[in-house]
Amino acid sequence: MRRPHLPARLPLDPYVLALLATVGLAALLPARGPAATLADVASTAAVALLFFLYGARLSTREAVDGLRHWRLHLTVLTATFVVFPLLGLAARGLVPGLLTAPLYSGLLFLCMVPSTVQSSIAFTSIARGNVPAAICAGSFSSLAGIVLTPLLAAALLGGDAGSFSFDSLLKITLQLLLPFLLGQALRPRVGGFLARHKQVLGRVDRGSILLVVYAAFSAGVVAGIWHRVSLLRLAALTLVEAVLLAVMLLATWYGAARLGFGRADRIAIQFAGSKKSLAAGLPMASVLFGAHAALAVLPLMLFHQMQLMVCAVIARRRAQDPAPELAADRVADVSPAVQRPVPRAR
């Protein structure tokens with residue numbers, strides 16, 4: 001019996017360490033008074049910049065081409081925006097036994113966030129899955145999340161999401177949707193520049209999110225949120241999120257099999273349908289929750305690191321699995337004209 005292969009070192013995302021350091025900075029030196037106002041204005045501008053860059057980078061042509069594999073994308077979207085929220089609603093019974101109401105609101109918000117793009121592609125590639133499908137599925141999920149995440153928050157979170165109202169909808173439109181549409185409109189002009197300066201703009205992305213986190217946690221520290229969260233509650237949240245991730249990994253893998261998808265497509269569905277985007281979720285939370293964003297993003301930050309570690313193990317394990325479909329495809333691709341007859345034994 002072959003033993004499962006585990007990586008020598010589980011991946012600890014350096015960006016998560018930077019996020020934790022930012023949280024620590026906000027705890028020690030929170031922005032107060034005029035500094036808090038400046039941090040709030042800067043984070044608002046950073047969110048708008050982030051979604052402008054998202055729109056400018058998303059290739060409309062790739063998205064249209066990906067529509068041909070609509071069953072796979074519909075499966076990922078269902079897992080992300082239907083199954084996840086239903087599981088989040090089911091977790092309501094854990095309040096107040098395991099989770100506090102603010103932590104549960106953050107957990108439910110986590111279930112509404114769109115899927116990742118970069119890590120889904122990376123893990124799908126390692127596991128020898130359908131990489132183009134993972135690219136399109138992640139892009140569709142990010143695009144749909146700009147509209148679906150706020151709508152789900154309004155329907156399921158209600159007053160917890162910053163007293164969702166017409167003003168909140170207007171704020172979301174101005175800070176998220178409008179910059180994204182502007183990025184899409186200017187993509188023909190700025191797309192080449194973005195492609196040439198991908199690494200620099202990646203640092204701008206991450207720096208902007210760090211600024212959003214600092215502003216959110218500064219407001220939380222000033223409001224005294226850490227007096228409402230104990231280590232026992234954090235341990236309970238970790239356990240609940242581990243169960244949530246396990247359920248989604250199993251549901252996407254075996255559910256895709258029941259729907260008739262092949263191995264390569266199942267891999268793309270599992271990684272794209274079971275993960276949540278920290279990059280998209282953090283700025284959305286700052287808009288939706290306002291001063292209460294600190295506790296709202298805590299479950300998402302924890303889930304992000306957990307999904308990276310678990311999916312890294314699964315991707316390496318999938319890479320070692322035999323792939324009979326691939327072998328069969330290679331045989332089928334060989335033309336009869338080049339197939340040599342097998343000599344008979346004399």
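A ring pair (Phe, Tyr, Trp, His ring centres under 6.0 Å) check over residues 92-111, counting only residues at least two apart or in different chains, returns the pairs Phe109-Phe289. Within the structure, every pair that satisfies the ring pair (Phe, Tyr, Trp, His ring centres under 6.0 Å) test and touches residues 268-287, not counting sequence neighbours, is listed here: Phe123-Phe271.
Closest approach of Gln270 and Leu249 over heavy atoms only: NE2-O, 3.1 Å. Minimum heavy-atom separation, Arg128 to Arg318: NH2-O, 3.9 Å. The shortest heavy-atom contact between Leu186 and Phe52 is CD1-CE1, 3.9 Å. Looking at every heavy atom in both residues, Asp265 comes nearest to Asn130 through OD1-ND2, 2.8 Å. The two residues Val240 and Leu107 make their nearest non-hydrogen contact at CG1-CD2, 3.8 Å. For the pair Pro299 and Gly106, the tightest heavy-atom approach, listed with the atom from each and the gap, is CG-C, 3.6 Å.
Listed for the Thr238 side chain is a donor-acceptor partner under 3.5 Å among the backbone atoms of Leu234. Using modelled atom types, no side-chain atom of Arg233 and backbone atom of Leu103 make a donor-acceptor pair closer than 3.5 Å. Proximity of a side-chain donor or acceptor of Lys276 to a complementary backbone N or O of Cys111 within less than 3.5 Å is detected.
Qualifying side-chain contact (heavy atoms from CB on, under 4.5 Å) partners for Ala46, counting only residues two or more places apart in sequence or in other chains: Ser208, Leu211, Val212. Annotation: side chain to side chain donor-acceptor pair (under 3.5 Å) contacts of Thr124 (sequence neighbours excluded): none. Looking at residues two or more places apart in sequence or on another chain, you find a side chain to side chain donor-acceptor pair (under 3.5 Å) between Ser120 and Thr116, Lys275.
At a threshold of 4.5 Å between side-chain heavy atoms, the hydrophobic network of Ile, Leu, Val, Met, Phe, Trp and Tyr places Val243 and Leu308 in one connected group. If you chain together hydrophobic residues whose side chains sit under 4.5 Å apart, Val41 and Leu178 never meet in one group. Leu29 and Leu210 are members of different hydrophobic clusters when ILVMFWY side chains are connected at heavy-atom separations under 4.5 Å. Side-chain heavy atoms closer than 4.5 Å link hydrophobic residues (I, L, V, M, F, W, Y) into clusters, and following such links, possibly through other members, connects Leu302 to Leu298. Both Met306 and Val297 are part of a single hydrophobic cluster, where members link through side-chain heavy atoms under 4.5 Å apart.
With values rounded to the nearest 0.5 angstrom, Leu94 atom CG is found 11.5 Å from Thr100 atom OG1. The distance from the CG atom of Leu99 to the CG atom of Leu237 is 6.0 Å, given to the nearest 0.5 Å. Annotation: the span from Phe84 atom CZ to Leu89 atom CG amounts to 13.0 Å, rounded to 0.5 Å. Interatomic distance, CG of Leu110 versus NE2 of His304, reported as 12.0 Å (0.5 Å rounding). Note that CG of Leu300 is 7.5 Å distant from OG of Ser277, once rounded to the nearest 0.5 Å. Rounded to the nearest 0.5 Å, atoms CG (Leu20) and CD (Gln305) are 8.5 Å apart.
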> After noting the C-alpha distance and the side-chain angles of Ile267 and Trp253, does the key distance pass the side chain to side chain contact (heavy atoms under 4.5 Å, CB included) rule?
Replying inline: CA-CA 7 Å; Ile267 290 173; Trp253 181 252; 3.8 Å; yes

> Arg187 and Leu194: side chain to side chain contact (heavy atoms under 4.5 Å, CB included), yes or no, with the steps?
Replying inline: CA-CA 9 Å; Arg187 175 179 167 76; Leu194 296 178; 5.9 Å; no

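You'll find the side chain of Val83 reaches within 4.5 Å of the side chain of Met248, heavy atoms only. Side-chain contact between Cys136 and His73 is present, with at least one heavy-atom pair separated by less than 4.5 Å. A 4.5 Å side-chain heavy-atom check between Leu98 and Leu239 finds every atom pair outside the cut-off.
A 6.0 Å sphere centred on CG of Leu231 holds no more than 12 heavy atoms belonging to other residues, nucleotides or ligands.
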Donor-acceptor list for residues 140-154 side chains, cut-off 3.5 Å, not counting sequence neighbours:
residue: Ser141; atom: OG; partner: Ser115; partner atom: N; Å: 2.7
residue: Ser142; atom: OG; partner: Gly138; partner atom: O; Å: 3.0
residue: Thr149; atom: OG1; partner: Met112; partner atom: O; Å: 2.8
residue: Thr149; atom: OG1; partner: Gly145; partner atom: O; Å: 3.1

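Ring planes of His69 and Phe261: tilted class, angle from 30 to 60°.
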